[in-house]
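Notes for the one structure printed next.
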Amino acid sequence: MRTTAGFTLIEVVLALTILLIVMVGLVTTTGKTAHVAVTADRTEAAIELVQDKIDRIRIDPYYGALDSAYTGTESSFPSLPGFTRTTTFVRVTTSGNDYKKFTVTVTGRGLPAAGISRTVTVGAP
């Protein structure tokens, strides 16, 4: 009898089964990694929106008009549809000193339920 070169049907089926298991594992891992990356990008964008507003409040020299100029809600961010930035303020007076405490919060899809929030306190000159 002559031996023939090649693979048997069982060897081919076994190799394809192993390959299928490896591919399913890779697809599952890649899908989770992509979701984490998208969530991180949205969180980073929200932090940038918050920090931008905080920086503008800090450098504005008109203390008396800060509350009317910056308090409110914005939702028109072309590159970030679904994001909403809300700025609130509270006037704090202690021991004759006047402060304004601003809180900027960004909410939207892919962010924590409470959103991303930062607070800055500005004192009267």
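Just the heavy atoms: all of them, side chains too, but no hydrogens, waters or symmetry mates, feed the values below.
Distance OG1/Thr71 to NZ/Lys100: 8.5 Å, rounded to 0.5 Å. Expressed to the nearest 0.5 Å, how far CD1 of Ile54 lies from CG of Leu49 amounts to 12.0 Å. Here Ile59 contributes atom CD1 and Asp55 contributes atom CG; the two are 7.5 Å apart, rounded to the nearest 0.5 Å. Rounding to the nearest 0.5 Å places CZ of Arg109 at 10.0 Å from CG of Leu80.
Side-chain contact between Thr86 and Thr107 is absent, with no heavy atoms from C-beta onward closer than 4.5 Å. Put simply, the side chain of Lys53 does not reach to within 4.5 Å of the side chain of Val106, judged on heavy atoms.
Salt bridge annotation for Arg56-Asp60: absent, with no cationic side-chain nitrogen under 4.0 angstrom from a carboxylate oxygen. Ion pairing of Asp52 with Arg85 is present here, as a side-chain N (NZ or NE/NH1/NH2) and a carboxylate O approach within less than 4.0 Å.
Connection of Tyr99 to Phe89 is not established within any shared hydrophobic cluster, with ILVMFWY side chains joined at heavy-atom distances below 4.5 Å, either directly or through further cluster members. With hydrophobic clusters built from ILVMFWY side chains whose heavy atoms lie under 4.5 angstrom apart, Val104 does not share a cluster with Val92.
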(request) In sequence, state the C-alpha distance, the side-chain angles, and the governing distance for Leu66 and Val122, and then conclude on side chain to side chain contact (heavy atoms under 4.5 Å, CB included). (result) CA-CA 9 Å; Leu66 287 178; Val122 181; 4.0 Å; yes
(request) Please assess Leu20 against Val24 for the test side chain to side chain contact (heavy atoms under 4.5 Å, CB included), listing each intermediate value before the final yes or no. (result) CA-CA 6 Å; Leu20 177 66; Val24 167; 4.2 Å; yes
(message) Between Phe102 and Val90, does the side chain to side chain contact (heavy atoms under 4.5 Å, CB included) criterion hold? Intermediate values first, please.
(response) CA-CA 7 Å; Phe102 290 88; Val90 175; over 6 Å; no
(request) Given side chain to side chain contact (heavy atoms under 4.5 Å, CB included), test Thr84 with Glu74 step by step and report yes or no. (result) CA-CA 6 Å; Thr84 302; Glu74 303 165 82; over 6 Å; no
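Nearest heavy atom pair, residue Tyr70 against residue Thr87, reads O-CB, 3.2 Å. Contact between Thr105 and Ser117 at its shortest, heavy atoms only, is OG1-OG, 3.2 Å. Of all heavy-atom pairs between Ala46 and Ile116, the closest is CB-CG1, 3.7 Å.
The number of heavy atoms from other shown groups lying within 6.0 Å of CD1 (Ile10) does not exceed 12.
If you look at Phe77 and Phe83, their ring centroids are not closer than 6.0 Å.
Side-chain contact annotation: Thr103 with Thr119, donor-acceptor N/O pair under 3.5 Å present.
Remark: the backbone N or O of Glu48 is not paired with any side-chain donor or acceptor of Gln51 at under 3.5 angstrom.
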